Student: 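Supplied in structure tokens, the structure appears directly below.
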Amino acid sequence: MSSTVRTAPRTAPPPRPAAGPVPFVDLVAQQREVDAEVQDGLREVLAGAAFVGGPRVSRFEADYAGYVGVGHCVGVASGTDALELALRAVGVGPGDEVVLPANTFIATAEAVSRIGATPVLVDVDPDHLLIDPDAVAAAVTPRTRVLIPVHLFGQSAFVEQLVPIAERAGLAIVEDAAQSQGARRHGRAAGSTGDAAATSFYPGKNLGAAGDAGAVLTDDDATAARVRALGNHGSEERYRHDVIGMNSRLDAVQAVVLHAKLARLEGWNRARRAAAGRYAELLADVDGLRLPVAAPGNEHVWHLYPVRVPDRDRVLEHLRSAGIGVGIHYPVPVHLTGAYAHLGHAPGAFPVAEEAASSMVSLPMFPHLTEDQQVRVADALRAALEA
Ligand SMILES: Cc1ncc(COP(=O)(O)O)c(C=O)c1O
């Protein structure tokens, strides 16, 4: 009688996430969700040949103004243009000073410089890396015209502290709301608390177009009219040009994409919030890691998820070689860039921004990020920190 070798029944091992790279963002998954609607809209735009402005643009502008809770949304060609146009519309000109944080994307400063005004940089708070209201108060001079709170990484700056500083000094507030579509502070939407706000619909933003696009938001009729005229060659009436403007208008193609994505923005922001919560759980016990946190009163929309780590460049290399898509936001604070060397700030001028620039790593963050992908990111980060 032949004997058969019987092996003991085995319990299946717990499923491990499939190996493979994790992208930093997945815009293809977003497009898949809106594809049918976008294709229909594009066919309509192409058939009607209303490419710049037109009913699709007006409809999106009205919808987005309603979503933010302001009277006007003026679509423009980029977030950088939106900042420049908003600054010009509230009266900033050559020689004026504009206060903004050292830890921001360079576009915030660029817009100020492009109109001949001077960016006055200040540091950010150590816990959230948002513009520090005490530093703002100390930076105001008789030449200061405007203050730009940047709602960075997806959460609002401390507007309730900034507004009184601006009021006391007679400054306008132009919010940089490029990274904060859907964010709220004490119930008020980012982009609705200043004299005007600029937002960017760059494809990777929480509300992203299929190319460059942006908008100015304001409650003030005159500011909205000025932005619209300045972005249309300084013209309110065809071929009448009372001021020197520029060409910065929203395309109908972008309005189609933005309309479809706006309908999903709240759900996508909820998914980002859930992903941020999962990272916080997965990474809670990792030594040496500093996780991003929402300031009390903020409804964060997690445009980015920047953690702070020791020996950042080594950790970055380790994550990259494990196939994890990562970024740095931002590796060089504005004052230490070549473009702003002329401001004359030495290293050490804005220590919080500088420390953050040398220790931040932005982990993958997008609405379609799966739990398996997050486990892979967390495992790779843990291994990188323990290596
Ligand atoms: C904080 C901030 N401000 C301004 C901008 C400029 O926007 P855009 O790239 O659409 O010109 C961006 C986006 O890149 C940004 O992140």
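Along the sequence shown, residues carry numbers from 1. Since the model is a prediction, treat every value here as computed from it, not as a measurement.
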Student: Side chains of Ile324 and Pro364, heavy atoms from C-beta outward: is any pair under 4.5 Å?
Tutor: yes
Student: Taking atom types as modelled, is there a side-chain donor on Thr199 or Tyr64 under 3.5 Å from an acceptor on the other?
Tutor: no
Student: Does either side chain, that of Thr218 or that of His72, offer a donor lying less than 3.5 Å from an acceptor on the other one?
Tutor: no
Student: Please report the interatomic distance OH(Tyr330) to CG(Leu304), rounded to the nearest 0.5 Å.
Tutor: 6.5 Å
Student: Can you name the salt bridge (charged side-chain N to carboxylate O under 4.0 Å, His left out) partners of Glu175, sequence neighbours left out?
Tutor: none
Student: Ignoring hydrogens and angles, state whether a donor on the side chain of Ser359 or Glu355 is under 3.5 Å from an acceptor on the partner side chain.
Tutor: yes
Student: Between His233 and Ile244, is there a donor-acceptor pair closer than 3.5 Å when you use the side chain of the first and the backbone of the second?
Tutor: no
Student: If I compare all heavy atoms of Arg184 with all of Tyr67, which pair ends up nearest, and what's the gap?
Tutor: NH2-O, 4.0 Å
Student: Can you confirm if the aromatic rings of Phe350 and His345 lie within a centre distance of less than 6.0 Å?
Tutor: yes
Student: If we only count heavy atoms from C-beta on, is the Glu33 to Arg264 side-chain gap below 4.5 Å?
Tutor: yes
Student: Centroid separation under 6.0 Å, is that true for the rings of Phe24 and Tyr305?
Tutor: no
Student: Once you round to the nearest 0.5 Å, how far does CG of Leu250 lie from CG of Leu258?
Tutor: 6.5 Å
Student: Treating Arg273 as the side-chain partner and Val301 as the backbone partner, does any N or O pair qualify as donor plus acceptor under 3.5 Å?
Tutor: no
Student: Within the 4.5 Å heavy-atom criterion, are Asp96 and Val146 side-chain neighbours or not?
Tutor: no
Student: Looking at residues at least two apart in the chain, or sitting in another chain, which of them share a side chain to side chain donor-acceptor pair (under 3.5 Å) with Ser180?
Tutor: none
Student: What distance do His303 atom NE2 and Leu207 atom CG have between them, rounded to the nearest 0.5 Å?
Tutor: 11.5 Å
Student: Counting only heavy atoms not in Tyr202, do more than 12 sit closer than 6.0 Å to its OH atom?
Tutor: no
Student: Can you see whether His259 engages Arg56 through a side-chain donor-acceptor pair at a distance of less than 3.5 angstrom?
Tutor: no
Student: Between the side chain of Arg314 and the main-chain N/O of Ala384, is any donor-acceptor distance below 3.5 Å?
Tutor: yes
Student: Just checking, is any N or O donor in the side chain of Gln155 or Trp302 under 3.5 Å from an acceptor N or O on the other one?
Tutor: no
Student: Can any side-chain N or O of Arg312 pair as donor or acceptor with the backbone N or O of Met360 at less than 3.5 Å?
Tutor: yes
Student: List the residues meeting salt bridge (charged side-chain N to carboxylate O under 4.0 Å, His left out) with Glu160, not counting sequence neighbours, and say none if there are none.
Tutor: Arg185
Student: How far apart are the closest heavy atoms of Pro126 and Val352, and which atoms are they?
Tutor: CA-CG1, 3.6 Å
Student: Please report the C-alpha distance between Glu61 and Arg228 in whole Å, then the side-chain angles of each, then the deciding distance to 0.1 Å, and finally whether the salt bridge (charged side-chain N to carboxylate O under 4.0 Å, His left out) criterion is met.
Tutor: CA-CA 12 Å; Glu61 287 177 334; Arg228 208 175 277 290; 3.1 Å; yes
Student: Minimum heavy-atom separation for Ile165 to Pro133, with atom names?
Tutor: CD1-O, 3.3 Å
Student: Quick one: side chain to side chain contact (heavy atoms under 4.5 Å, CB included) partners of Val120, sequence neighbours excluded?
Tutor: Glu97, Val99, Ala139
Student: Quick one: do Asp40 and Arg43 make a salt bridge, cutoff under 4.0 Å?
Tutor: yes
Student: Check Arg376 with Asp379, please: is the shortest side-chain N to carboxylate O separation under 4.0 Å?
Tutor: no
Student: Could you list the residues that satisfy side chain to side chain contact (heavy atoms under 4.5 Å, CB included) with Arg226, not counting sequence neighbours?
Tutor: Ala89, Ala222, Thr223
Student: With the side chain counted from C-beta on, respond yes when Ile131 and Leu147 share a heavy-atom pair under 4.5 Å apart, and no when they do not.
Tutor: yes
Student: Taking all non-hydrogen atoms of both residues into account, name the closest pair between Ala252 and Gly53 and its distance.
Tutor: CB-O, 4.0 Å
Student: Would you say the ring centers of His128 and Phe158 fall short of 6.0 Å from each other?
Tutor: yes
Student: Does the Glu84 side chain pair with the main chain of Ile115, one donor and one acceptor, at a distance under 3.5 Å?
Tutor: no
Student: Will you find, in the side chains of Asp26 and His368, an N or O donor that is under 3.5 Å from an N or O acceptor?
Tutor: no
Student: Using atom types as modelled and distance alone, determine if a side-chain donor or acceptor of Asp195 lies under 3.5 Å from a backbone N or O of Val174.
Tutor: no
Student: Applying side-chain contact (heavy atoms from CB on, under 4.5 Å) to Val257 and Val34, what does each step give before you reach the verdict?
Tutor: CA-CA 8 Å; Val257 174; Val34 295; 5.6 Å; no
Student: Verify salt bridge (charged side-chain N to carboxylate O under 4.0 Å, His left out) between Arg382 and Asp287, making sure each step is shown before the conclusion.
Tutor: CA-CA 9 Å; Arg382 192 185 302 271; Asp287 282 343; over 6 Å; no
Student: Testing the basics here: between Leu336 and Ala346, what is the closest heavy-atom pair and its distance to 0.1 Å?
Tutor: CD2-C, 4.1 Å
Student: Sub-3.5 Å donor-acceptor pair from the side chain of Asp125 to the main-chain atoms of Asp127, do we have one?
Tutor: yes
Student: State the CG-CD distance between Asn206 and Glu266, to the nearest 0.5 angstrom.
Tutor: 10.5 Å
Student: Residues two or more places apart in sequence or in another chain: which of them pass salt bridge (charged side-chain N to carboxylate O under 4.0 Å, His left out) with Glu371?
Tutor: none
Student: Taking Ala274's backbone N and O only, do any of them form a donor-acceptor pair with Tyr279's side chain (distance below 3.5 Å, no angle check)?
Tutor: no
Student: Might you point out which heavy atoms bring Val68 and Ala190 nearest each other, and give the distance in Å?
Tutor: CG1-O, 3.8 Å
Student: Can you tell me how far apart CG (Asp123) and CG (Asp134) are? Round to the nearest 0.5 Å.
Tutor: 11.5 Å
Student: For Gln179 and Lys205, indicate whether the former's side chain and the latter's backbone hold a donor-acceptor pair under 3.5 Å.
Tutor: no
Student: So, are Arg114 and Asp81 salt-bridged, with charged N and O less than 4.0 Å apart?
Tutor: yes
Student: If I take atom OG1 from residue Thr118 and atom NE2 from residue His342, how far apart are they, to the nearest 0.5 angstrom?
Tutor: 7.5 Å
Student: For the residue pair Asp212 / Ser78, report whether a side-chain donor-acceptor contact shorter than 3.5 Å exists.
Tutor: no
Student: Do the side chain of Glu110 and the main chain of Thr80 share a donor and acceptor less than 3.5 angstrom apart?
Tutor: no
Student: If you count the non-hydrogen atoms of other residues, nucleotides and ligands that lie under 6.0 Å from CG in Asp242, is the total more than 12?
Tutor: yes
Student: Compare all side-chain heavy atoms of Val150 with those of Leu130 and state whether any distance is below 4.5 angstrom.
Tutor: no
